[in-house]
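See below for the structure under consideration.
This one's a predicted model, so the numbers in the text were calculated from it and none came from an experiment. Here is how names work: the chains are called A, B, and so on, in the same order as the sequence lines, proteins then strands, and each is numbered from 1.
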Amino acid sequence: MSLAWSRRHFLRIGSLATGGLTLPTLLRASNRDTNINCIILFMSGGPSQLETFDPKPDAPPEVRGNVGVIPTKIPGVRFSELIPRCAQMADKFTVIRSMHSREAIHEKAKQYLFTGTRPGNAFLHPCVGSVVARELGPKNGLPPFVVTPSKDIAAEAGFLGSSYDPFVAGNPNVAKFTVKDLTLPLGIGMEEAQSRARLLAAIDGELKRVEKSELISSLDEFQQKALDLIASPAAKKAFEIDSESPKLRDTYGRNAAGQGALLARRLVEHGVRLVSVFHGGYDTHTDNEKTSRRLMPEFDQAFTALLDDVSQRGLLDTTLILAMGEFGRTPKINFSAGRDHWPGSFSVAIAGAGVPPGQIIGSTDEHAAAPADRPIAVEDLVAAIYKKMGVDYTQNYHAFGRPIAILKEGTPVRELFT
Amino acid sequence: MLLAAALCCASVQLDPPGIVLSGPGATQRYIVTAVQSGGRPIDVTAAARIESSAPGVIQAHPATRTLIARAPGTAVITVRHGGATARATVTAGNRTAPLQVSFSRDVVSILTTKGCNGSSCHGSPAGQSGFKLSLFGYDPAADHEMILARHNGRRVDRGQPANSLILRKPLMEMPHGGGRLMGKQSDEYRTLFNWLDQGAPLDTDGPRIEKIEVYPARRILTSTGAVQPLAVIGRMSDSTTRDMTAEVRFAVGDTGVVSAPRDAAVTSTGRGLTALLARGMGKTATSQFIVIQEPAAAPPPPGAASNFIDSLVFARLGEVNVTPYPLTTDREFARRVFLDAIGLLPTPDELHAFLADPRPDKRARLIDSLLDRPEYASHWMVKFEDWFRNHQFNSQGRTNASFKKWIHAMVERDQPYNQTVRELLTATGDTTVQPAGNFWHPAIDFMLKTFDVNKITPTVTRLFLGVRIECAECHTHPLENLTQDDFNGMAAFFARVKVKHGYAQYRRIWYDEREGELMDPVSKKPVAPKFLGGATPDIGPSTTRREVLADWITRHPQFPQATVNRIWSEYFGTGIVEPHDDFRSTNPPSNPELLDQLGRYFSSNGYRFKALHRLILNSRVYQTASRSPDRPGESGPLERRLFARYEPRRLSAEVLIDSLGQAAGVPHRFGNYPEGTSSKDLIANNGPDYFLTTFGFPRRDILSDREKTPSLAQALLFMNGDAIRGKVESKSNALAALMEKGLDDRAIVSALWERTLSRPPSPTEWDSIQSYMSGEVSAGRERRRILEHVFWVLLNSKEFRINQ
């Protein structure tokens, strides 16, 4: 009695495939591209929840710190005084105060946030951007997944393979921003480059004729993609942050967070599906207050400018915006006036793509140490991202000889949907 | 397939052999095979004549290709075809009562065969509709309880078994999401019914299945659309046999070669090699199928064999009518062997010296000289760093340098590998000064500061025995007879390994305790260390568990085989067992004799790698070209698995960047390292060089291998990146040196081709180059700039990126 194994549970035995991925196009059938793009403002290092969205003014001084609180647009809700613009716009976005994780190391915690799966030592699970790139594909000839300013261990394709790694855009907070390796070197014009490319095609042509395995064709495919990208006016425009008005650039803030957020807006406008902006410095083991007073306002400005800009351009319904870090920080201030890693509870801000604004989801105890109400797991947040974008996260990939679910667990946070 | 009834055949055979039917009514499906004179076995089940000497005892029923027991006794079954005859004795016993059905043996087998306990049905983490079974039946006791006792026992009706939900649902007598899985007349239904009728015991004392066999065990089919019937037999503990043909679940590795079986027969669908797996009653059996095309004309002989590798590989290729590709030219060979043995291009001087060498054994001499070079040690050290997972992240920063040096020394002095493995497995001490302990680092949980035996066990079995045991950590291995007990039995060898952490210094000190047990997660009892597929050893007080394990592993025949298979895979891109660390009965080697002999060669040469490299590199098989003028390079399914040619492959990140530096005459600069440092000798830090990470510098996680896929970033880096541009435009590069010599354009371009691709440009290439250059001159570009562009094209060419 034989059973025709359904292809979802296809186990290759002694076959040519090396136990890696073997089902490229099959799985797309269950995705439903919603044409929603996503911008993640990632605060690397772990921003303190107490100095942002979840202050505890009634806690003892060693917990509440020296930073004050301010009322927000939402009656009864207060934010840290370091994010006044967020406070004024609190009715335009939603905050989850009761996120929790158990990962306390940066790399692992970041990977958890970006993959929705607790990382192990066995292999790297693909991050949300890579899965989106694979399941939904590119739009308008642009790379579907972009990070700025640089590659981050959290945002990798893992076992999906480096074809789905993000495109790295570089740091836009410089004069005359150009994307690494995307523009022709100085002094070489397009015509010269194209003539050179024709010679390359001729030289490669001979090898392509006589070597029929996919080795050459796959190299070719990416070389062609690269050439297309270099020559593409759409790509050029998408990355041309210099064409934004200086006034708008000022509004976002002339720092890595602000310019990164602005670049992200341009990119999703032109068709990039998911952009992650990494803003660093939040790992305040020492001098938490001092650093927070410098950093949180940068975030505050960037996030609210982005929200405003996106709304004004009519893109809010099709753009999901998230602001998060990999964990929060210890309620009790340490001997170096700092706060250490605290995955026990932390805050995430979300807006756009139909997320009902003005909610404060969940709450923490009197020290912002643990969720008191409505605890939300990281996988639930990532499930929500996938659902918004139309990726069927219950599908399995196949790697290392076994099925691996995109998301093994996770129910999309229901308050983010109408 | 109709065969001329005339005297075609040298012999004929009835399979399975040794049929002992348990009692009247018992049956066994059979197949008949004939061996053509001077040829290969073919199926003649439908065409052969079969008769029984005593049809009242054993009746032959050719229409269903079944032997049926009618009465206790013995009969001789004779088969005849094409002039050949064979006789087999078949016995029938006198058992009339139905077999005692055991849940854990028989019912679980049915639940597995039908897919009930698969991951998409009741074996999924949440089960289906409240009915949850253990995945692939790894916990029969829990499943027994779920079926009989849970939810008030609503799933069974002991008084009227036929009314049980557990029977009615798979019949679709009531709604069932899984559909109709069996009929009322089927063996499975009868077995389940009998089980309930007999009181639904968890276990019984009845005869057990010891093993199952599938026939034919190996078959070459010579066209598509050829049908091959199958027969599966189970050998019982009471010396009877049981027809398993209808009771196993079949799976085919590659349905592009043969179809999934229907009515216990496969049909060939395309050229290639694949395995057929039969699984039932907790046992598995495998059959290997090869589908070939008969040649239009006899293939030419492959040429002289240099060593046993050649004879064995050519024999296999001959069997399947595949001609190996011709011998490489000296130029092709030189570039290839330099890259494979030492990870560098041959310099123009080295290349020309080799080409001009008149000695008939010059290739063997070149191989010897390469294996003696210091670059050999650096190149292979990197590969062993991949094997042993040496990475900054695993060792938290400080001791991966000491581990790298240790590995380098081991490669350089060609240390016997069994000694190396022993050192790794029994490593103790402070890893800054006793580096072998770094081997254990991937298994540490950094936060909890504990050592997880479950993380080291898969690495050890994969690396040293070629067995992927990690599936069995949580459930029965779906493709092999490995259970959680097997996993835990191996993990228990590491239960007394302890590590002391020094946080600030990231130091680790490893030691063994005299006590400590691994607790079985289900039974909560201590697990005794047990060799995989073997015994539970007695471990006395004068030794440690790890020493006993190291001893057993290094003496295991699969140890040298798994090792040579990895090295083979490095050279050929495909292992003899493929994937290279996936040895199992359901994944047979493509050339078992080759694997066996290579393993013996390795062990009888002191487990030293240089002897193995020398053997492989000197073989005609290694020196085969990747294509020939009248035969384009193709990775056909048989050619690849049976090594008909050298498979071109991309250069690894380290080799690529070193070659780039060589070709350009401008070595890549790595941070503060001295100029000319090879990428292989870098101590990887938190931010390895952008070029290396873009081209797949590995994470060295426990399971993942080196990234081998191309990417957009790689393409852009080569086109516009500083790495290439800087080298091409440098005023002290190879181009500058050539121009300084006052050579003309043709000589310069020729020299660039030689140093980059180890050959001169072809006539077609010259045409393109010349027309390009004259075009650029007309556009008013300077000579140096034009030559830089030509150089850029050369370095961006696909041929530069590959080894072929």
- Which bit of A:Asp165 comes within less than 4.5 Å of chain B, counting heavy atoms only: side chain, backbone, both or neither? neither
- Query: Salt-bridged, B:Glu647 to B:Arg640, with N to O below 4.0 Å?
  - Reply: yes
- Looking only at heavy atoms, the pair that brings B:Thr694 and B:Ser711 closest together is O-OG, 4.4 Å
- Item | Side chain, backbone, both or neither of A:Ile230 within contact of chain B (heavy atoms, under 4.5 Å) | side chain
- Item | Contact origin within A:Leu207 toward chain B - heavy atom pairs under 4.5 Å | side chain
- Using a 4.5 Å cut-off on heavy atoms from C-beta on, say whether the side chain of A:Tyr112 contacts that of A:Pro343. no
- Note on the structure: If one checks every heavy atom of B:Arg649 against chain A at 4.5 Å, the contacting part turns out to be backbone
- Segment of A:Phe123 engaging chain B (4.5 angstrom heavy-atom cut-off): both
- Task: Count the heavy-atom pairs under 4.5 Å between each of B:Glu765, B:Glu799, B:Arg725 and chain A, then report the option with the highest count.
- Result: B:Arg725
- Message: For A:Glu192, which atoms come within 4.5 Å of any heavy atom of chain B: side chain, backbone, both, or neither?
- Response: both
- Check: A:Tyr164 ring centre within less than 6.0 Å of A:Tyr397 ring centre: no
- Is the B:Phe695-B:Phe718 ring centre distance short of 6.0 angstrom? yes
- When the 4.5 angstrom heavy-atom criterion is applied to A:Ile188 and chain B, the contacting part is both
- B:Gln288 portion near chain A, given a 4.5 angstrom heavy-atom threshold: neither
- Sort B:Lys798 into side chain, backbone, both or neither according to what part of it lies under 4.5 angstrom from a heavy atom of chain A. both
- Task: Answer yes when A:Glu211 and B:Arg645 have at least one side-chain N-carboxylate O distance shorter than 4.0 Å, and no when they do not.
- Result: yes
- Query: Quick one: do B:Arg785 and B:Glu788 make a salt bridge, cutoff under 4.0 Å?
  - Reply: no
- So, A:Glu326 versus A:His106: side-chain donor-acceptor pair below 3.5 Å or not? yes
- Return the option, out of A:Leu215, A:Ile203, A:Ile216, with the maximum number of heavy-atom pairs under 4.5 Å with chain B. A:Leu215
- Query: What residue in A:Lys212, A:Arg196, A:Glu221, A:Arg209 has the most heavy-atom pairs under 4.5 Å with chain B?
  - Reply: A:Arg196
- Task: Give the member of B:Pro632, B:Ala715, B:Pro710 that has the highest number of heavy-atom pairs under 4.5 Å with chain A.
- Result: B:Pro710
- Query: Given the rule in the salt bridge (charged side-chain N to carboxylate O under 4.0 Å, His left out) test, do B:Arg462 and B:Glu470 qualify, once you have shown the distances and angles that lead to the verdict?
  - Reply: CA-CA 9 Å; B:Arg462 268 190 183 230; B:Glu470 59 271 9; 2.7 Å; yes
- Please state whether the side chain, the backbone, both or neither of B:Leu794 comes within less than 4.5 Å of a heavy atom of chain A. neither
- Before giving the answer on salt bridge (charged side-chain N to carboxylate O under 4.0 Å, His left out), spell out for A:Glu103 and A:Lys108 the whole-Å C-alpha distance, their side-chain angles and the decisive distance to 0.1 Å. CA-CA 6 Å; A:Glu103 298 293 345; A:Lys108 297 246 193 261; over 6 Å; no
- Query: Based on non-hydrogen pairs under 4.5 Å, which of B:Arg627, B:His580, B:Arg631, B:Glu634 is most in contact with chain A?
  - Reply: B:Arg627
